[in-house]
Amino acid sequence: MENAAKIEESEPARPPEASRELVANRETLKRIFIMRENDSARATLVKYMEQILFGLQDFLQRHVGITEEVSLPELAGRFMDSVIKKEPEKKLAQVITELIDDIAPHAVNVSSPYFVGHMTSAIPFFMVHLSTIMAALNQNVVKLETSKVVSVVEKQVLAKLHRMIYGRDDAFYAAHIQSGHTSLGGFVEGGTQANLTALWVARNRLLGPKNGFEGVEKEGVPAAYAAHGIDRCVVLISQLGHYSLRKAGGVLGIGNNNVIPMPVDEDNRIDLNFLSETITRLSEPSARTRIMAVVGIAGATETGTVDPLGKLADICARHGIHLHVDAAWGGPTLFSEKYGDILSGIERADSVTIDGHKQFYMPMTCGMVYFKDPLAMDAIAYYASYVNRPGSVDLGIRSLAGSRASHSLILDSALKIMGQRGYALLVDNGIETARAFADEIDCRENFTLMSRPELNILTYRYLPRDLAERFAKAPAEEKVRINAHANRANTELQRLQREAGKSFVSRTTLRLSEEKGGPAVVLRAVIMNPMTHMGILREILDEQEAIAERHLSPYFQNARMER
Ligand SMILES: *Cc1c(COP(=O)(O)O)cnc(C)c1O
């Protein structure tokens, strides 16, 4: 990085680097906006980009471990200064060097193939190039005047994914792909905002204008309930629904207590009988309730399971309820010829959430929401005369966000580079590796598979064989007792492995019924990095066995003694 410091070299004689004060003045300001033409300055800027592309890439490849062993309090101690310096402190070269040398080693190496705990992983290297172009163009897709062709690209890529989900005919897409009067969906910040947007549309359509009432968006929830003769609105979701849906209940003013979890069956799918009974009960006029939406999950965050979307669509059609499918995680499965059918029925959903920064392997953050009805998003349209006018392609009209980056450029380019088949290969590999991992867990005597991977997420726990056998035959109370010990042990196991810093699986709690032993702490693996192969997964299990033998026997001794 020494070369980088020489950006000033061609300047007239100046004092040596160390003693030279950095100052902010009009001259230096101008320099950061005008890229200077001379060769050495250019070479330096190219070097920085090289450093970012290769220095960081090399680093990520060398440091297979998840993170270096510095404790969080110790790190926090280094970041205690809250004063912004009056004058510039550092040059670009120094800042880049420090980010690479001092920050990156203590960030989490999510690209490691040993990092199998979360929905964030390695991204293809070209995403860095595409992000750089997005930053360099700095288009604001809130309106055409600050984005022009980029808004048009966004409409196109929205149509491409709409077609992946809904598969409408050519005439449909010809009519809507570039129409200023309709929207097939929108880019949003992430799955959270996509779910919020879908439910925002559902709310406004349900509590629309009526007999002089101007609609919930204008008059608010209390007036809407009065005008529609109800006391509340509810959203029905599986108990494995993402917590962003509860946030949406809060933000939309229906109250998050009214985002009601339904129990799940043996396979972690929403219990359809319970759902139907709930709908019938809440539809009684005396309940004074309207069902704003039913949400089906395509790839539950904890277990990766997919709700029976076709059956949910049948139920919703029968009762005229908005069906939203949260496919934040599972959406790209639709590209797979082998496994795409797992999501069948999604084409009947009124709205669908998909995250770009999950299985499209895009950099943070990019979410999308899609609507079956191209007029649905009119329910959330806002106009402001200085930015966007009715009938224009201004994308800010039907969007919670105002100014926003052009992530569609990244996704559109990635789709061209990967093709459907490229993404399908990633999806297939994840599912098949997760299934092989599940078989391996089944073979190891001290592990129990807790949820079989339907997609590429699975959960399991460590429980010595004798206890697992006892658990299987035990009455409910004893199950609960064994679980109490197993839960503490697995919590500890996950923590010790994380702190050792070599590999990472996450931990969650499955809310099992009392007969099944009640809440169970489980280890959760998400297989999305194509570099994560069975050899690595076996090492991760070996490490967990070693940790268990060294540290966890007291928990299990206690469990054995207590009868
Ligand atoms: C990740 C996820 C979300 C939330 O998405 P963010 O991008 O983190 O806001 C919602 N639902 C499901 C099923 C998810 O997997």
Side-chain angles (χ1 to χ4, degrees), residues 108 110 115-121 123 127 161 165 185-200 202 235-252 256 259 261-262 264 268-270 293-309 312 323-334 342-343 345-346 349 351-370 399-401 404-405 407-408 410-411 427 430-431 434 451 453-459 506 508 510 524-528:
V108 174
V110 297
F115 186 86
V116 293
H118 284 302
M119 296 172 155
T120 303
S121 115
I123 52 176
M127 293 295 183
L161 290 207
I165 299 165
F187 277 76
V188 293
E189 190 197 20
T192 298
Q193 217 185 77
N195 285 339
L196 173 62
T197 304
L199 294 182
W200 185 20
V235 174
L236 306 179
I237 65 173
S238 129
Q239 67 177 41
L240 289 169
H242 192 268
Y243 71 110
S244 56
L245 294 160
R246 296 204 307 117
K247 289 185 194 171
V251 173
L252 294 172
N256 65 26
V259 177
M262 304 285 108
V264 292
N268 292 304
R269 301 191 186 115
I270 190 166
V294 165
V295 180
I297 317 171
T301 317
E302 287 169 286
T303 56
T305 38
V306 180
D307 285 330
L309 304 179
L312 286 178
L323 174 63
H324 175 63
V325 171
D326 184 355
W329 177 254
T333 311
L334 289 168
I342 296 175
L343 268 56
I346 196 172
S351 53
V352 174
T353 286
I354 298 187
D355 257 338
H357 56 237
K358 289 181 179 164
Q359 297 207 79
F360 280 111
Y361 295 79
M362 288 171 65
M364 298 287 143
T365 61
C366 174
M368 291 163 276
V369 59
Y370 290 91
S399 150
L400 179 59
R404 106 191 133 69
H407 285 102
S408 55
I410 299 181
L411 180 57
V427 164
I431 292 175
S451 63
E454 188 172 13
L455 300 181
N456 47 2
I457 299 175
L458 59 87
T459 63
S506 58
T508 188
L510 297 182
R524 165 175 170 266
V526 181
I527 314 294
M528 68 180 297

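Computed from a prediction, not measured in an experiment: that's the story for all the values here. Each ligand, and each atom within it, is numbered from 1 in the order the structure gives.
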G191, any N or O under 3.5 Å of ligand 1 N or O: yes

Where ligand 1 meets G299 - atom numbers and elements under 4.0 angstrom, heavy-atom basis: 13 (C)

Protein heavy-atom partner closest to atom 9 (O) of ligand 1 - residue, atom, separation in Å: T192 OG1, 2.6 Å

K358 to ligand 1, any heavy atom closer than 4.0 Å: yes

Whether G367 lies under 4.0 Å from ligand 1, heavy atom: no

Atom indices of ligand 1, in the order listed, that fall short of 4.0 Å to a heavy atom of G190: 7 (O), 9 (O)

Ligand-residue contact atoms, ligand 1 with D355, heavy atoms, under 4.0 Å: 1 (C), 5 (O), 6 (P), 7 (O)

Polar atom proximity, H357 to ligand 1 (N or O, under 3.5 Å): yes

CE-NE2 distance between M119 and H357, expressed to the nearest 0.5 angstrom: 9.5 Å

S399 side chain near F187 side chain, heavy-atom distance below 4.5 Å: no

Protein residue, atom and distance nearest to atom 13 (C) of ligand 1, heavy-atom basis: D326 OD2, 3.4 Å

Side-chain H-bond candidate by donor/acceptor type, E454 with N268, under 3.5 Å: no

Short side-chain donor-acceptor distance under 3.5 Å, H324 and S351: yes

H242 versus S244, side-chain donor and acceptor atoms under 3.5 Å: yes

Sub-4.5 Å side-chain heavy-atom contact between I270 and P308: yes

Subset of ligand 1 atoms that lie under 4.0 Å from at least one heavy atom of T301: 12 (C), 13 (C), 14 (C), 15 (O)

Heavy atom of the protein closest to atom 10 (C) of ligand 1 (residue, atom name, distance): H242 CG, 3.2 Å

Side-chain donor-acceptor contact under 3.5 Å, S506 with R524: yes

S451 versus T459, side-chain donor and acceptor atoms under 3.5 Å: yes

